[in-house]
Every structure is written in C-alpha cells, then in structure tokens.
Amino acid sequence: MIIQVTDLKKNYGDLQVLKGITTQVAEREVVCVIGPSGSGKSTFLRCLNQLEASTSGRIVINGHDLNDPKVDINKVREDVGMVFQRFNLFPHKTVLENVMLAPVKVRKVPQEQARERGLALLNKVGLKDKADVYPDKLSGGQMQRVAIARALAMNPKVMLFDEPTSALDPELVGEVLAVMKDLAKEGMTMIVVTHEMGFAREVGDRVIFMDQGIIMAEGKPKGIFDDTQNERLRSFLGKVL
Ligand code: ADP
Ligand code: MG
C-alpha cells in the first residue's frame, strides 16, 4: 500500500468536512473519487498532500507517517504530484520553463538535464512543439497537459487529480483524459476526483463515492455503477449520468 488513510477527520471551525475517512491505495492503482459538490473530495486530496493539516487521524504515504514529528513534509510532498481544476501555470514563463522550474529550484537538477527531461515530458503529453511558447497561447486542454507534465517532472510516486477537466470546454476534455489514461497504463498510482463517469468506469481500478464527508460506497467500477441498493449513490448517479 502506498497510501494508508485511517479515520481521517477535518474540521473548519464548527464545520466537520471529513468525518472519518479510512481507505488504502495500492501501488499502480487508479482510484476515482466521485460524489456531490461539497462532500469533501477536494479537502481529502488537500489533506493527502498536506495543503491542509488534518484535524485527526493517520495518513501514511510511501512509508512516511505524516503525524510523525520527524517526517519532512516537504520531502513527502515531492512524492505527491497534484493537478488542479485550474492550471496555475506561471504566465511569464514558457511552457518548458514551467516544467523545468521545480526540478531546478527544489531538486537542484542541472539546467541541461532538466531541459532534456522537460522536453521528454512535453513529448509525452503531446506538446513538444509548444515548449517555447507562453501559456496564454495555449488552449485550456493544452495548459492542463502542461500542468500534468510539470507535476510529473518531480518524479512523484503518486498523482492526485482534482477535477482536472471540469474547467475545460467539452471538446478539450478528451485530450486531457487520454494523457491520464496513458499514465494509468504506465502504472502510475493515481487518485482522480472526477465527474467523468466514463473515465472512472474504464480506467478506474476502484471507485470511491463520497457523500457528506464519509465514504458512502467503494468498490470496483462495475459494482458501483450498477449498484441498485444504495439510495444516495443511485440518486447521485442519476444526476450525473
Ligand atoms: P468537494 O470538493 O467535494 O466539492 P470540498 O472539499 O471543496 O468539497 O468542500 C467540502 C466542504 O468544506 C464544503 O462545505 C466547503 O464549503 C467547506 N470548505 C472547503 N474548504 C474550506 C475552507 N478553507 N474553509 C472553510 N470551509 C471550507
Ligand atoms: Mg472539489
């Protein structure tokens, strides 16, 4: 298991957003997280990479217990790549510079080496020819593919995706999902919050249905999508499918 989460709780003041999440993710597994808006999906991902401190519970990533005071959170975070709904590329840097930045600044990778790897990653997401342009010349789908390449540049053990296609025009969704599918095929461990039920069904090894801060249902995609017993799951799927 590369990620183990035990009874994770997160409060914002009086609001309990995560009410005890327990789950594990195996190496090379693709877990898709679905559920209504406000159910705590983003908060869950943000706790996993420590953008948010959890209120209680235990998170172990790649053998590092995040509660252990001796753990170097920044090191753990380097193992966890994250791609958000909005692309957050640096506007005054070229596509390639965006991808090279963290390896050079954080990992002290030599420029030339970072450049070569950056170009290889851009090639992987189908954007090698855009290496020297600025983000404002890209479509949303292209920006999101750069964001994926940028996250991969740190050689993460796990990739977290928070609705990576939700802000895209419908015709651009497919190119981003295709890159994610390739990553999954190569064996990347992924947690993907998504409303793309086709992707969850086809690429997900497991689907987690979150509702009101808990895992309401969890299982193989077929079991989840064909579940006729769970009323809340049925109602949610009825709205999104
Ligand atoms: P989802 O991603 O499933 O839509 P979120 O994790 O974004 O859900 O939010 C879950 C709940 O937590 C919502 O009620 C939201 O308003 C609340 N919330 C999220 N972030 C914060 C924050 N920084 N401060 C206060 N409340 C927050
Ligand atoms: Mg969210």
Side-chain angles (χ1 to χ4, degrees), residues 3-25 30-59 61 66 73 77 80-89 140-141 143-144 147-148 150-151 156 158-170 172-173 176-177 179-180 189-201 203-204 206-219 221 224-225 227 230-241:
I3 297 179
Q4 287 172 284
V5 179
T6 313
D7 203 22
L8 172 65
K9 294 182 180 160
K10 173 67 185 176
N11 301 347
Y12 290 112
D14 290 340
L15 181 68
Q16 193 173 31
V17 174
L18 299 179
K19 300 174 183 166
I21 300 285
T22 298
T23 193
Q24 298 84 33
V25 180
V30 177
V31 176
C32 291
V33 181
I34 63 173
S37 179
S39 57
K41 305 180 299 295
S42 294
T43 303
F44 175 48
L45 290 194
R46 292 167 64 83
C47 285
L48 287 182
N49 76 349
Q50 294 292 290
L51 285 172
E52 293 285 354
S54 42
T55 303
S56 67
R58 185 158 181 251
I59 299 173
I61 294 183
L66 302 189
I73 292 295
R77 213 178 258 151
V80 183
M82 184 136 176
V83 176
F84 301 87
Q85 187 172 339
R86 294 263 160 217
F87 333 106
N88 315 309
L89 298 179
M143 283 193 227
Q144 198 58 306
I148 293 172
R150 186 176 58 173
V158 180
M159 286 282 285
L160 309 180
F161 293 87
D162 193 358
E163 301 196 29
T165 60
S166 293
L168 299 178
D169 291 333
L172 303 177
V173 168
V176 174
L177 293 180
V179 166
M180 293 166 62
T189 306
M190 298 166 46
I191 303 182
V192 183
V193 174
T194 187
H195 292 295
E196 295 292 332
M197 297 301 149
F199 180 88
R201 193 188 270 272
V203 183
R206 185 151 49 98
V207 173
I208 287 176
F209 171 56
M210 278 185 68
D211 192 25
Q212 299 178 351
I214 64 164
I215 294 180
M216 181 71 88
E218 176 170 11
I224 292 292
F225 289 113
D227 187 331
N230 189 319
E231 205 42 57
R232 294 196 71 95
L233 175 56
R234 281 260 55 79
S235 153
F236 171 73
L237 290 175
K239 285 176 201 144
V240 295
L241 283 177

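A quick note: this is a predicted structure, and the numbers were derived from the prediction, not measured. Start at 1 and go down the list; that is how both ligands and their atoms are numbered.
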Original post:
Would a distance-only check, ignoring hydrogens and angles, find a side-chain to backbone donor-acceptor pair under 3.5 Å from Gln144 to Thr165?
Top reply: no
Subject >> Polar contact flag for Glu52 and ligand 1 (N/O pairs, less than 3.5 Å) >> reply: no
**OP:** Look up atom OG1 in Thr43 and atom OH in Tyr12, then write down how far apart they are to the nearest 0.5 Å.
**Re:** 4.0 Å
Subject >> Structural part of Thr43 in contact with ligand 1, heavy atom criterion under 4.0 angstrom >> reply: both
Original post:
Got a second to check how far Met190's CE is from Leu160's CG, nearest 0.5 Å?
Top reply: 10.0 Å
**OP:** Please confirm if an N, O or S atom belonging to Ser42, backbone or side chain, lies less than 2.8 Å from the Mg ion (ligand 2).
**Re:** yes
Original post:
Touching ligand 1 at all, Gly213? Heavy atoms, strictly under 4.0 Å?
Top reply: no
Original post:
For ligand 1, which atoms sit closer than 4.0 Å to a heavy atom of Ser37?
Top reply: 4 (O)
Subject >> Between CZ on residue Arg150 and CG on residue Asn88, distance to nearest 0.5 Å >> reply: 6.5 Å
**OP:** Would you give the length of the straight line joining atom CG of Asp227 to atom CZ of Arg232, rounded to the nearest 0.5 angstrom?
**Re:** 14.0 Å
**OP:** Examine Leu15 against ligand 1 and note whether any of their N/O atoms are separated by less than 3.5 Å.
**Re:** no
Original post:
Judged by non-hydrogen atoms, does Gly35 sit under 4.0 Å from ligand 1?
Top reply: no
**OP:** Mark whether atom 26 (N) of ligand 1 lies under 4.0 angstrom from at least one protein heavy atom.
**Re:** yes
Original post:
With atoms numbered from 1 as shown, which atoms in ligand 1 lie under 4.0 angstrom from a non-hydrogen atom of Pro36?
Top reply: 3 (O)
**OP:** Considering only protein heavy atoms, determine whether one is less than 4.0 Å from atom 21 (C) of ligand 1.
**Re:** yes
Original post:
Could an N or O of ligand 1 be found under 3.5 Å from any N or O of Gly38, whether backbone or side chain?
Top reply: yes
